[in-house]
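Because only heavy atoms are used, hydrogens play no part in the values below, and waters and symmetry mates are left out as well, while side chains stay in. Just so you know, these numbers come straight off a predicted model, no measurement behind them.
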Amino acid sequence: TFYGRMLDHDYTTKEVFNKNFFKDWRKTMTPDEKERIRDLSKCDFSEINEHFKKVSEERKNRSKEEKKAEKEKNDAIVEEYGFCTMDGHKEEKKAEKEKNDAIEI
């Protein structure tokens, strides 16, 4: 899904990015997948890309109330899990929200 989501970015036009992505992707493939998928350029990620475009449009077209409810939910998560105490000082944990977003995707 990562590559399908990246199709609209310049990264996917760069040979080094494609080579590195394919090398890393092959590490996660099953032996059967490794046998069948040997060339990244022959893979069609357009359906995944269209799905993410649709999801993005749906998010943009939500009502003000829906956006506000999601913001309140996210703020509550940050308030509960987004801070820690280090050396007696309250510190924000920057990566916490990013982790939660990745889990929901």
Side-chain angles (χ1 to χ4, degrees):
T1 57
F2 171 77
Y3 195 85
R5 196 169 199 171
M6 297 289 291
L7 285 182
D8 294 333
H9 296 283
D10 288 339
Y11 291 120
T12 57
T13 63
K14 302 190 183 308
E15 184 180 338
V16 173
F17 176 83
N18 289 327
K19 182 181 173 187
N20 290 338
F21 169 78
F22 194 62
K23 179 182 164 192
D24 289 342
W25 185 27
R26 286 190 58 85
K27 291 176 188 175
T28 66
M29 289 181 185
T30 65
D32 182 50
E33 290 170 332
K34 285 182 182 179
E35 184 65 33
R36 292 187 302 151
I37 304 171
R38 295 176 181 222
D39 185 354
L40 181 63
S41 66
K42 293 181 180 178
C43 296
D44 182 8
F45 293 92
S46 61
E47 192 173 324
I48 295 169
N49 185 264
E50 289 303 316
H51 167 75
F52 281 113
K53 284 181 182 178
K54 180 182 167 209
V55 169
S56 178
E57 272 307 306
E58 288 171 356
R59 282 184 53 83
K60 287 178 190 175
N61 294 329
R62 292 176 301 156
S63 69
K64 210 177 234 188
E65 292 79 19
E66 290 171 315
K67 290 177 183 178
K68 183 179 177 185
E70 183 179 5
K71 181 175 178 0
E72 289 171 356
K73 177 184 161 197
N74 288 338
D75 289 347
I77 291 170
V78 169
E79 187 61 36
E80 185 172 353
Y81 300 107
F83 296 91
C84 64
T85 302
M86 291 180 61
D87 299 328
H89 294 67
K90 186 176 181 179
E91 297 285 337
E92 184 176 4
K93 299 188 306 185
K94 302 280 186 192
E96 190 63 41
K97 181 164 180 351
E98 293 162 11
K99 288 180 188 174
N100 288 336
D101 287 346
I103 291 169
E104 291 181 13
I105 291 177

For this session: Tell me, please, which residues at least two apart from I48 pass side-chain contact (heavy atoms from CB on, under 4.5 Å).
Result: T1, F45, F52

For this session: Identify, with sequence neighbours excluded, every residue that meets side chain to side chain donor-acceptor pair (under 3.5 Å) alongside D39.
Result: S41

For this session: Enter the distance from F2:CZ to W25:CH2 here, rounded to the nearest 0.5 Å.
Result: 12.5 Å

For this session: First locate atom SG of C43, then atom CZ of F22, and finally report the distance between them rounded to the nearest 0.5 Å.
Result: 6.0 Å

For this session: Report yes or no: do M6 and V16 belong to one cluster of Ile/Leu/Val/Met/Phe/Trp/Tyr joined by side chain heavy-atom distances under 4.5 Å?
Result: no

Seminar exercise, completed: Quick note, side-chain hydrogen bond (donor to acceptor under 3.5 Å, both in side chains) partners involving residues 48-60, not counting sequence neighbours, are N49-K53, R59-E70

Problem set entry | Value rounded to 0.5 Å, distance of CG in N74 from NZ in K71 | 8.5 Å

Exercise. Who pairs with E47 by salt bridge (charged side-chain N to carboxylate O under 4.0 Å, His left out), at least two apart in sequence or on another chain?
Worked result: none

Exercise. With sequence neighbours excluded, what pairs up with K64 under the salt bridge (charged side-chain N to carboxylate O under 4.0 Å, His left out) test?
Worked result: none

Problem set entry | Counterpart residues, side-chain contact (heavy atoms from CB on, under 4.5 Å), relative to K34 (two or more places apart) | R26, M29

Seminar exercise, completed: ring pair (Phe, Tyr, Trp, His ring centres under 6.0 Å) filter on F83, not counting sequence neighbours, yields none

Problem set entry | Validation row: K27, D24 side chains within 4.5 angstrom (heavy atoms) | yes

Seminar exercise, completed: Sorted by chain and residue number, the side chain to side chain donor-acceptor pair (under 3.5 Å) partners of S46 (sequence neighbours excluded) come out as D44

Problem set entry | Test side chain to side chain donor-acceptor pair (under 3.5 Å) applied to E66 - qualifying residues, sequence neighbours left out | S63

Problem set entry | For E35, all residues meeting side chain to side chain donor-acceptor pair (under 3.5 Å), sequence neighbours excluded | R38

Seminar exercise, completed: Contacts of K23 meeting salt bridge (charged side-chain N to carboxylate O under 4.0 Å, His left out) (sequence neighbours excluded), chain-then-number -> none

For this session: Would you give the length of the straight line joining atom CZ of F17 to atom CG of L40, rounded to the nearest 0.5 angstrom?
Result: 9.0 Å

For this session: Starting at OG1 of T13, measure out to OH of Y11 and round the result to the nearest 0.5 Å.
Result: 10.5 Å

Problem set entry | Pairs meeting criterion salt bridge (charged side-chain N to carboxylate O under 4.0 Å, His left out) with involvement of residues 12-22, two or more places apart | none

Exercise. Do I37 and F21 belong to the same hydrophobic cluster, where Ile, Leu, Val, Met, Phe, Trp and Tyr are linked whenever their side-chain heavy atoms lie under 4.5 Å apart, directly or via other members?
Worked result: yes

